[in-house]
Protein chains: 2
Amino acid sequence: MSRSNPRVLSTLERAGGFASAQEVYRLMQREGESIGLTTVYRSLQSLVNDKIVDVLRRDDGEAIYRLCGDAHHHHLVCKNCGDTVEIEGGAIEKWAKVMAEEHGFREVGHTAEIFGLCSKC
Amino acid sequence: MSRSNPRVLSTLERAGGFASAQEVYRLMQREGESIGLTTVYRSLQSLVNDKIVDVLRRDDGEAIYRLCGDAHHHHLVCKNCGDTVEIEGGAIEKWAKVMAEEHGFREVGHTAEIFGLCSKC
DNA sequence: ATGGAAATGAAAATCATTTTCATTTGTGAT
DNA sequence: ATCACAAATGAAAATGATTTTCATTTCCAT
Ligand SMILES: [Zn+2]
Ligand SMILES: [Zn+2]
Ligand SMILES: [Zn+2]
Ligand SMILES: [Zn+2]
């Protein structure tokens with residue numbers, strides 16, 4: 001378990017809170033920071049483990065990372081431009097709990113994501 | 001634009017309506033069908049273009065395809081033994097639609113999965 | 001049968017991500 | 001300050017899915 005290099009997080013912030021590992025790396029290079037691609041990957045993974053950033057997938061499968069408030073929430077993602085809206089889980093929070101109980105599952109978590117075309121696309 | 005090889009679609013059906021290109025390919029090989037991996041990829045792409053199949057991403061980024069007509073459902077997965085129960089989306093279905101409309105999104109799909117420990121674990 | 005278009009697939013290329021491993025850096029004890 | 005050891009780093013190689021190339025085969029209309 002490696003700890004995240006703080007410059008990676010700060011770069012992700014500066015990127016507008018939305019970038020792939022490769023983009024964070026290129027950004028740091030352009031700004032003259034000396035860092036290896038491997039460290040960027042490791043740092044982002046560590047931030048994901050610590051739930052400081054979220055990871056989603058672009059349409060082409062590349063993983064993109066974004067700063068994420070700690071409150072539990074879900075995402076509405078444009079599958080064309082990648083624009084993301086954070087939304088409340090609403091009814092599905094209860095749905096997950098009920099379904100789990102109904103089948104005798106404990107310690108449950110859930111994922112839920114909506115994807116489509118945003119109004120601009 | 002190539003046309004889809006019908007054996008690919010039939011294999012995807014047989015796979016239970018949820019498989020990656022590599023899995024479809026391996027399945028066809030195992031059953032003695034002669035086909036190239038390239039053709040499997042091309043056929044699946046073509047089926048996606050024609051909206052006959054849906055494409056999503058696994059957590060590891062691999063693309064998975066499923067028949068659109070398949071009854072839509074979700075999964076309750078044991079994170080210890082992997083046991084899976086198919087469940088109805090219930091409240092989620094409406095939630096996704098409402099959230100999408102609220103933010104002006106069109107052509108929306110969604111993913112939702114519950115994971116926890118099953119009664120045996 | 002003939003010519004051209006579409007389909008096929010083996011092999012190479014691409015590209016994100018992971019793994020390996022040798023080196024550097026940081027920390028704490030003496 | 002010195003030594004010892006653990007953690008962090010990064011270059012290079014490996015991995016693995018997907019795409020591209022391109023030569024060959026299959027189809028189809030004339
Ligand atoms: Zn968009
Ligand atoms: Zn939720
Ligand atoms: Zn279990
Ligand atoms: Zn659903």
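Reminder, nothing fancy here: chain letters follow the sequence lines and each chain counts from 1.
A 6.0 Å sphere centred on CG of B:Asp59 holds no more than 12 heavy atoms belonging to other residues, nucleotides or ligands.
One interatomic measurement links the two molecules: CD of B:Glu23 to P of D:dG16, which rounds to 14 Å at whole-angstrom precision. Between A:Ile64 atom CD1 and C:dC15 atom P the separation is 19 Å, expressed in whole Å. In this structure, B:Arg7 places its CZ atom 14 Å from P of C:dA7, rounding to the nearest Å. Put simply, CG on B:Leu37 is 9 Å from P on D:dT18, counting in whole angstrom units. The separation between A:Gln29 atom CD and D:dG10 atom C1' is 12 Å, rounded to whole Å. Rounded to a whole Å, the CG atom of A:Leu44 is 14 Å from the P atom of D:dG10. Separating the CZ atom of B:Arg58 from the P atom of C:dT17 is a distance of 17 Å, rounded to the nearest angstrom. For the pair B:Gln22 CD and D:dT18 C1', the computed distance is 8 Å after rounding to whole Å.
Distances were taken from every side-chain heavy atom of A:Asn5 (C-beta onward) to each of D:dT9, D:dG10, C:dT17; the shortest belongs to D:dT9. Residue A:Glu62 has its side chain nearest to C:dA16 when only D:dA17, C:dA16, C:dT19 are considered. Of the listed nucleotides (D:dA8, C:dG9, C:dA16), C:dG9 has the atom at the smallest distance from the side chain of B:Arg42. Of the candidate nucleotides C:dT17, D:dA17, D:dG10, D:dG10 has the atom nearest to the side chain of A:Ser34. In this structure, the nucleotide among D:dT18, C:dA7, D:dA8 sitting nearest to the side chain of A:Arg3 is D:dA8. Relative to the side chain of B:Arg57, the nucleotides D:dT18, C:dT20, C:dA10 differ in distance, and D:dT18 lies closest. Which of C:dT19, D:dT18, D:dA8 sits closest to the side chain of B:Tyr41 comes down to D:dT18.
The aromatic rings of B:His74 and B:His110 sit parallel, their planes meeting at an angle under 30°, below the 60° perpendicular limit.
Residue contacts for A:Gln45: at a heavy-atom cut-off of 4.0 Å it reaches the sugar-phosphate backbone alone, with no base atom in range.
Each of A:Thr38 and A:Arg26 lies near DNA chain C, and the nucleotide nearest A:Arg26 is the one positioned closer to the 5' end.
Residues passing the salt bridge (charged side-chain N to carboxylate O under 4.0 Å, His left out) test with B:Glu86: none are found, sequence neighbours excluded.
Under the 3.5 Å distance criterion, with hydrogens and angles disregarded, no donor-acceptor pair is assigned to the side chains of A:Gln45 and A:Tyr41.
Donor-acceptor pairing under 3.5 Å, judged by distance alone, is absent between the side chain of B:Thr39 and the base of C:dA7.
For the side chain to side chain contact (heavy atoms under 4.5 Å, CB included) with A:Thr11, the qualifying choice from A:Ile35, A:Leu27, A:Val40 is A:Leu27, the only one to do so.
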